[in-house]
Protein chains: 4
Amino acid sequence: MGIQTRQLRDRERRRQQIIAASKRVFTSKGVSRTTIKDIADEAELSPGTLYIYFKNKDELYASLSIRMLKHLHLSLQRVKETKDLSDDQRIDSVKRALFELYEIDPLMLINLSHLQASETLENISPELYEQILELSRRSLQALSEIFTKGIELGNFLNRNPMQLAVVLWAMFSGLVLWEESKRSLDTRKNFLKPTLEIAFEIFGRGVKSGKPV
Amino acid sequence: MGIQTRQLRDRERRRQQIIAASKRVFTSKGVSRTTIKDIADEAELSPGTLYIYFKNKDELYASLSIRMLKHLHLSLQRVKETKDLSDDQRIDSVKRALFELYEIDPLMLINLSHLQASETLENISPELYEQILELSRRSLQALSEIFTKGIELGNFLNRNPMQLAVVLWAMFSGLVLWEESKRSLDTRKNFLKPTLEIAFEIFGRGVKSGKPV
Amino acid sequence: MGIQTRQLRDRERRRQQIIAASKRVFTSKGVSRTTIKDIADEAELSPGTLYIYFKNKDELYASLSIRMLKHLHLSLQRVKETKDLSDDQRIDSVKRALFELYEIDPLMLINLSHLQASETLENISPELYEQILELSRRSLQALSEIFTKGIELGNFLNRNPMQLAVVLWAMFSGLVLWEESKRSLDTRKNFLKPTLEIAFEIFGRGVKSGKPV
Amino acid sequence: MGIQTRQLRDRERRRQQIIAASKRVFTSKGVSRTTIKDIADEAELSPGTLYIYFKNKDELYASLSIRMLKHLHLSLQRVKETKDLSDDQRIDSVKRALFELYEIDPLMLINLSHLQASETLENISPELYEQILELSRRSLQALSEIFTKGIELGNFLNRNPMQLAVVLWAMFSGLVLWEESKRSLDTRKNFLKPTLEIAFEIFGRGVKSGKPV
DNA sequence: GATGAATGAGCGTTCATTCAT
DNA sequence: AATGAATGAACGCTCATTCAT
């Protein structure tokens with residue numbers, strides 16, 4: 001491994017270290033109450049160091065979502081490309097992909113949903129903004145293509161597939177935020193999962209073409 | 001009308017005047033970039049005066065949603081209590097109630113969804129917190145009772161009606177936030193409406209019992 | 001006196017209070033080492049208050065010079081308009097005007113010269129910038145008109161009067177900065193005065209038309 | 001050439017390389033907006049390396065002037081020592097020496113004038129401080145000796161020659177700073193030259209003894 | 001009740017400087 | 001000698017909140 005490679009790897013490691021610290025602080029203090037100093041302390045770094053790896057606070061926040069978005073895109077892409085799946089199975093795969101996303105890192109998913117709901121994106125560099133947008137776009141695109149297939153086969157309601165994708169995502173992120181808002185009230189875990197199951201059951205049934213009996 | 005009554009009425013008027021000013025500023029500057037001073041200027045009052053009517057900034061923000069929550073609760077209550085409606089019609093009425101909510105004041109609905117997604121509620125007085133919670137609870141309760149009816153009649157899937165209510169609300173608020181996040185990208189209006197139509201179509205079909213054909 | 005008048009007067013008083021505090025701190029710590037906090041402490045105000053009266057640090061610094069520039073302009077205007085003065089007497093009046101300027105407030109004059117020599121002006125509001133520029137322009141204009149008279153009467157060298165004005169001002173401000181730079185070395189006061197006397201003597205003799213004997 | 005000599009030469013080379021880079025950055029970004037990192041980048045060195053060659057930022061800034069001061073001193077010394085020159089010719093030679101200084105490197109001359117006008121000198125090592133002071137002193141000394149000659153011959157006004165030297169230098173540096181402050185307003189070049197011509201013409205005429213006709 | 005000047009803790013950010021490699 | 005990541009004190013500035021009038 002060359003020197004350059006190691007440097008790049010070290011750099012990425014530090015970024016991940018900072019991101020990991022951010023998550024921990026977010027969890028304990030809440031996103032809006034977390035300061036750069038808090039994160040620096042948690043990461044056992046100085047505030048200045050954070051600015052070597054992230055252009056500013058908003059970019060740090062936004063960067064937290066990149067990984068998750070990449071994962072999301074990859075998962076949906078995989079579902080889309082898997083052969084020999086019925087449309088039912090495909091919807092089910094989407095459900096499992098989103099479940100998995102949530103299980104890997106619920107906090108980051110909340111953060112991603114927050115991002116969508118805040119004005120953070122308006123304060124980041126065009127490059128990062130474009131990256132986030134592109135990843136979101138591609139994920140929705142993958143989702144919409146799954147619906148397109150089903151529509152073409154006559155299995156799904158003939159509705160704008162992109163809108164179907166948006167509806168599914170809204171339902172998912174809406175539930176994630178809902179759970180987050182309930183966190184302080186009710187610390188029972190595993191609340192999201194059963195509700196998501198029901199949500200997907202309904203969505204899956206509803207998107208199917210044919211009159212319900 | 002007694003003096004006290006008039007005083008209360010005046011007080012309420014001022015509150016509404018401040019709330020109205022807040023809305024206007026939020027619309028033009030965005031929520032996170034709006035300061036108390038901005039609102040005071042817009043209301044042609046001094047910052048100090050705002051603190052006579054609202055305990056602090058978060059309470060002001062939270063108060064914005066009270067009216068909307070009351071309206072929401074009332075609408076859903078009405079749907080629940082209307083006699084001689086089929087379950088299909090009832091779902092349709094819920095849809096129209098939420099549409100109406102959005103049309104009356106899209107910004108406040110966004111604010112309500114934000115509220116749910118932010119940490120604002122953690123900084124308000126227990127009284128206001130309880131009020132908001134109670135109104136939310138009641139709205140969801142009304143919604144869940146609508147589902148209970150349908151389930152009892154065998155028209156709806158036999159799932160936990162409160163969870164069904166949460167799913168429906170999550171879908172709705174998720175779409176509202178989604179639209180908000182797209183506002184800077186795409187200024188086309190009336191984007192939410194058609195997507196909500198599809199969302200409700202799918203939900204309505206999905207929640208119906210019976211195998212899809 | 002109306003309420004508004006008093007408010008305006010109070011506002012101006014506060015500004016002068018802050019400016020006075022700035023001067024004291026500048027004298028003891030040096031301009032470049034003075035922070036907003038230092039000035040606030042000296043003025044027995046909070047840092048935030050300074051920002052009510054001055055848009056930012058650079059504007060505060062630049063504002064220090066406004067008064068001096070106004071005084072300068074007025075003095076030169078007066079010299080220009082005084083009747084029945086020989087050109088020798090007029091040059092002498094200019095000398096006395098600049099002497100006086102220095103004696104009123106040497107520190108502010110140094111500050112004015114610094115301003116010219118720094119990049120502070122690049123960071124202030126266009127309005128203040130224009131005000132400073134306009135006052136400078138007018139002062140130089142007045143000076144140049146004094147020279148124009150002398151040239152027309154054949155008493156002064158026929159050179160571009162604006163350039164003559166610039167030369168005189170450069171000589172003056174150059175000496176002021178020179179003295180400032182010597183302050184740490186040599187605390188003897190009254191060093192500038194005799195040197196300025198010589199400078200004006202030479203300038204006065206040099207600008208006169210006619211071959212020196 | 002011994003090893004030590006080469007090492008010294010290499011060291012000096014590096015210093016000059018860094019100084020050259022500083023100049024380029026100052027020109028493009030302005031002195032106050034230039035950071036050590038900027039200079040390091042421009043010099044294709046690391047920030048740490050700069051600290052091997054310069055004790056701190058102020059020393060780097062101050063060092064920029066050393067060369068110019070040496071050149072200035074040399075030039076004035078030469079003028080002083082040149083035989084068979086009339087006093088008029090000697091003043092003219094001083095003018096040409098300063099012109100030349102400006103033409104070689106206007107930016108460094110500005111920097112030298114800034115140095116005099118700032119508090120940089122208060123933060124440097126006593127050695128460097130002494131060196132700069134000594135060079136300044138010697139230059140002024142040379143200048144004053146030129147005046148002494150003229151005074152002794154009865155050609156110049158019998159004034160303190162050191163003060164005459166200071167007046168001449170103040171006029172010169174005042175004009176240099178004046179031009180610098182006009183740079184952003186008026187990009188016409190060659191503005192300084194004609195004004196300096198007039199300045200020297202006036203100084204030359206003014207310093208001459210004898211009543212003007 | 002209404003004011004709005006004043007507050008000041010706290011923020012994000014910078015950058016000269018250091019030091020382990 | 002050269003590096004450059006890391007430092008962390010210090011900065012300018014904001015703004016929710018208070019309180020004397």
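Only heavy atoms go into these numbers, but all of them, side chains included; no hydrogens, no water, no symmetry mates. Chain letters run A, B, ... following the sequence lines, proteins first, then strands; residues in each count from 1.
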[X] has an atom [atom1]; how far is it from atom [atom2] of [N], in whole Å?
| X | N | atom1 | atom2 | answer |
| --- | --- | --- | --- | --- |
| C:Asp38 | E:dG8 | CG | C1' | 16 Å |
| A:Lys55 | E:dT14 | NZ | C1' | 15 Å |
| D:Ile52 | E:dT18 | CD1 | P | 12 Å |
| C:Ile124 | F:dG12 | CD1 | P | 17 Å |
| D:Phe54 | E:dC15 | CZ | C1' | 19 Å |
| A:Leu50 | E:dC11 | CG | P | 14 Å |
| B:Lys37 | E:dT7 | NZ | P | 17 Å |
| D:Arg11 | F:dA2 | CZ | C1' | 13 Å |

Contiguous pairing runs of three or more, Watson-Crick or G-U under 3.5 Å, that involve DNA chain F: E:2-21 with F:2-21

First encountered from the 5' end of DNA chain E, between B:Ser46 and D:Asp58: B:Ser46

5' priority, DNA chain F, between D:Thr49 and B:Lys57 [closest heavy atom]: D:Thr49

First of C:Asn56 and A:Glu44 reached from the 5' end of DNA chain F, by closest nucleotide: A:Glu44

Validation row: A:Leu60, A:Lys57 side chains within 4.5 angstrom (heavy atoms): no

Check: D:Met108 and D:Ser65 side chains under 4.5 Å, non-hydrogen atoms: no

Residue list, ring pair (Phe, Tyr, Trp, His ring centres under 6.0 Å) with B:Phe54, at least two apart or on another chain: none

Identified salt bridge (Lys or Arg N to Asp or Glu O under 4.0 Å) counterpart of C:Glu42 within the set C:Arg24, C:Lys29, C:Lys23: C:Arg24

Donor-acceptor side-chain pairing of B:Arg14 and B:Gln17 below 3.5 angstrom: yes

Under 3.5 Å side-chain donor-acceptor pair for A:Glu127 and A:Gln131: no

Touch class at under 4.0 angstrom, heavy-atom based, for [X] against every strand present:
| X | answer |
| --- | --- |
| C:Leu45 | sugar-phosphate |
| A:Asp10 | nothing |
| B:Tyr53 | sugar-phosphate |
| D:Arg14 | sugar-phosphate |
| C:Ile36 | sugar-phosphate |

Least distance between heavy atoms, B:Asn56 atom then B:Tyr51 atom: CA-CE2, 3.8 Å

Of the nucleotides [options], which one has an atom closest to the side chain of [X]?
| X | options | value |
| --- | --- | --- |
| C:Thr35 | F:dG12, F:dT3, F:dC13 | F:dG12 |
| A:Tyr51 | E:dT13, F:dG4, F:dA16 | E:dT13 |
| A:Pro47 | E:dT13, F:dT17, E:dA6 | E:dT13 |

Worked check of salt bridge (Lys or Arg N to Asp or Glu O under 4.0 Å) between C:Glu12 and C:Arg9: CA-CA 5 Å; C:Glu12 188 51 30; C:Arg9 198 196 50 198; over 6 Å; no

